Amino acid sequence: MYAPERHQQILTRARTEGRVDVASLAVELDVTPETVRRDLTAIERLGLLRRVHGGAVAVERLGIEPGIADRERVMSAQKERIAKAALDELPDGGAIILDAGTTTIRLASMLPTDRDLTVVTHGLPIVTMLAGRPNITLHLVGGTVRGRTLAAVGSWALAALTQIHADVVFLGANGVTVERGLTTPDLAEAQVKRALVAAARRVVVLADHTKLGVSDFALVAPLSAVDVLVTDTDAAPELVDEIEAAGPRVVRA
């Protein structure tokens, strides 16, 4: 088993059970305790686990959802490649929706200047980035702003999204599994993400390999609602095969 596959298995177990311990992981993964400790340290550096004596605890069980500044530093190179690959899913013109998130921020920075686009978003950093672009007609979805993600949520946002129908939505997710589909830690953001899916003709999900095989608290949508998943080349092949079998086309960048 390769290190990325171990990391995904460790993270899934930690989020399911709340805590993992070194000894049982060493037996389960058929590796040495030292290898497990290195794996836990690597995952902790991503902000997804918190090391404790003898093991680690999922940050969600500590009531911690990483803020946008912390998430910007995680998987930076992978997110850059994912965003670049996602450009192939843009329409020649027309309207797109950009979900709030660190990978969609990168996509926003790469939007072409040689075509007119209508962009709808509830992410404040994306609005700041695109507000001065002459080829972009920008629509900000309002609502209550979550400090951790700088995303507008709530009834205002949901009402606004019922009034549009875009060509493509570029959506982020904290978890992607065949069984539960797309998930995220916050119920209010999950509601808005569902509304984004309903407001677009095609759904393109941007998620690095640490999100695959992981299930979070709040349900967003089943994989049957997704047209394309763009991830990175560290994604475990068996997870990619399972996801493609459930419907979406998977692009590994």
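What you see is a predicted model, and the numbers here were worked out from it, not measured in a lab.
Contact annotation: the side chain of Val57 never approaches that of Leu49 to less than 4.5 Å [non-hydrogen atoms, C-beta and beyond]. Side-chain atoms of Ile97 and Thr121, non-hydrogen and from C-beta on, never get closer than 4.5 Å to each other. Counting heavy atoms from C-beta outward, Val205 and Val228 have side chains that stay 4.5 Å or more apart. Using a 4.5 Å heavy-atom cutoff, the side chains of Glu80 and Met110 are in contact. Residues Leu117 and Arg115 have side chains in contact (heavy-atom distance under 4.5 Å, counting atoms from C-beta outward). Considering only heavy atoms from C-beta on, Arg148 stays 4.5 Å or farther from Pro185 through its side chain. In this structure the side chain of Ile96 reaches within 4.5 angstrom of the side chain of Leu90, judged on heavy atoms. With contacts defined as side-chain heavy-atom distances shorter than 4.5 Å, the pair Gln8/Val214 does not qualify.
Note that the CG atom of Leu107 and the CE atom of Met129 stand 10.0 Å from one another [nearest 0.5 Å]. Taking OG1 of Thr104 as the start and CG of Asp99 as the end, the distance is 5.5 Å to the nearest 0.5 Å. The CG atom of Asp232 lies 5.5 Å from the CZ atom of Arg81; values are rounded to the nearest 0.5 Å. For the atom pair CG of Leu206 and NZ of Lys211, the computed distance is 9.5 Å after rounding to the nearest 0.5 Å. Note: Leu223 CG to Glu179 CD = 9.0 Å, rounded to the nearest 0.5 Å. Taking CZ of Arg194 as the start and CG of Leu219 as the end, the distance is 7.5 Å to the nearest 0.5 Å.
Taking both residues in full, the closest heavy atoms of Arg180 and Phe217 are given as NH2-O, 3.9 Å, listed atom of the first, atom of the second, then distance. Annotation for Val251 and Ala85: closest pair CG1-CB, 4.4 Å, computed over non-hydrogen atoms. Scanning both residues, His7 and Ala42, for their nearest heavy atoms gives CE1-CB, 3.9 Å. Closest non-hydrogen pair, Asp234 versus Pro4, comes out as O-CB, 3.7 Å. Between Asp227 and Arg202, the closest heavy-atom pair is OD2-CA, 3.2 Å. Of all non-hydrogen atoms in Ser215 and Thr177, the two that sit nearest each other are N-CG2, 4.0 Å.
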Checklist entry - Can Thr184 and Lys193 be said to form a side-chain hydrogen bond (donor to acceptor under 3.5 Å, both in side chains), step by step? => result CA-CA 9 Å; Thr184 197; Lys193 287 176 185 290; 4.9 Å; no
Next on the checklist: Let's go through Ile43 and Ile10 carefully: what are the C-alpha distance in whole Å and the side-chain angles of both, what is the deciding distance for side chain to side chain contact (heavy atoms under 4.5 Å, CB included) to 0.1 Å, and is it a yes or a no?
Outcome noted: CA-CA 9 Å; Ile43 301 170; Ile10 290 169; 3.9 Å; yes
Item to check | side chain to side chain contact (heavy atoms under 4.5 Å, CB included) evaluation trace for Leu212 with Thr231 | outcome: CA-CA 9 Å; Leu212 308 188; Thr231 187; 3.9 Å; yes
Item to check | Trace of the side-chain hydrogen bond (donor to acceptor under 3.5 Å, both in side chains) decision for Arg252 with Thr233 | outcome: CA-CA 5 Å; Arg252 289 194 285 181; Thr233 52; over 6 Å; no
Checklist entry - Does the side chain to side chain contact (heavy atoms under 4.5 Å, CB included) test come out yes or no for Leu130 and Leu98, once each step is laid out? => result CA-CA 11 Å; Leu130 297 180; Leu98 295 180; 4.3 Å; yes
Item to check | Full working for side chain to side chain contact (heavy atoms under 4.5 Å, CB included) between Glu5 and Glu238 | outcome: CA-CA 10 Å; Glu5 296 173 286; Glu238 65 271 18; 2.9 Å; yes
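Taking a cutoff of 4.0 Å between a charged side-chain nitrogen and a carboxylate oxygen, Arg51 and Glu44 do not qualify as a salt bridge. Taking the charged nitrogens against the carboxylate oxygens, Arg249 and Glu244 have no contact shorter than 4.0 Å, which rules out a salt bridge.
Between the side chains of Thr149 and Glu189, a donor-acceptor pair is found at a separation under 3.5 Å.
Hydrophobic clustering (ILVMFWY, side-chain heavy atoms < 4.5 Å, transitive): Val120 and Val127 are in distinct clusters.
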For residues 20-32, which side-chain N or O atoms pair as donor and acceptor with protein atoms under 3.5 Å away, sequence neighbours left out?
{"residue": "Asp21", "atom": "OD1", "partner": "Ala23", "partner atom": "N", "Å": "3.4"}
{"residue": "Asp21", "atom": "OD1", "partner": "Ser24", "partner atom": "N", "Å": "2.8"}
{"residue": "Asp21", "atom": "OD1", "partner": "Ser24", "partner atom": "OG", "Å": "3.0"}
{"residue": "Asp21", "atom": "OD2", "partner": "Ser24", "partner atom": "OG", "Å": "2.8"}
{"residue": "Ser24", "atom": "OG", "partner": "Arg13", "partner atom": "NH2", "Å": "3.1"}
{"residue": "Ser24", "atom": "OG", "partner": "Asp21", "partner atom": "O", "Å": "3.3"}
{"residue": "Glu28", "atom": "OE1", "partner": "Arg13", "partner atom": "NH1", "Å": "2.3"}
{"residue": "Glu28", "atom": "OE2", "partner": "Gln9", "partner atom": "NE2", "Å": "3.0"}
{"residue": "Thr32", "atom": "OG1", "partner": "Thr35", "partner atom": "N", "Å": "3.2"}
{"residue": "Thr32", "atom": "OG1", "partner": "Thr35", "partner atom": "OG1", "Å": "3.0"}

Report all side-chain donor-acceptor pairs from residues 150-164 shorter than 3.5 Å, counting only partners two or more places apart or in another chain.
{"residue": "Thr162", "atom": "OG1", "partner": "Ala159", "partner atom": "O", "Å": "2.6"}

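Side-chain atoms of Asn174 never come within 3.5 Å of backbone atoms of Leu182 as a donor-acceptor pair (strictly under, hydrogens ignored).
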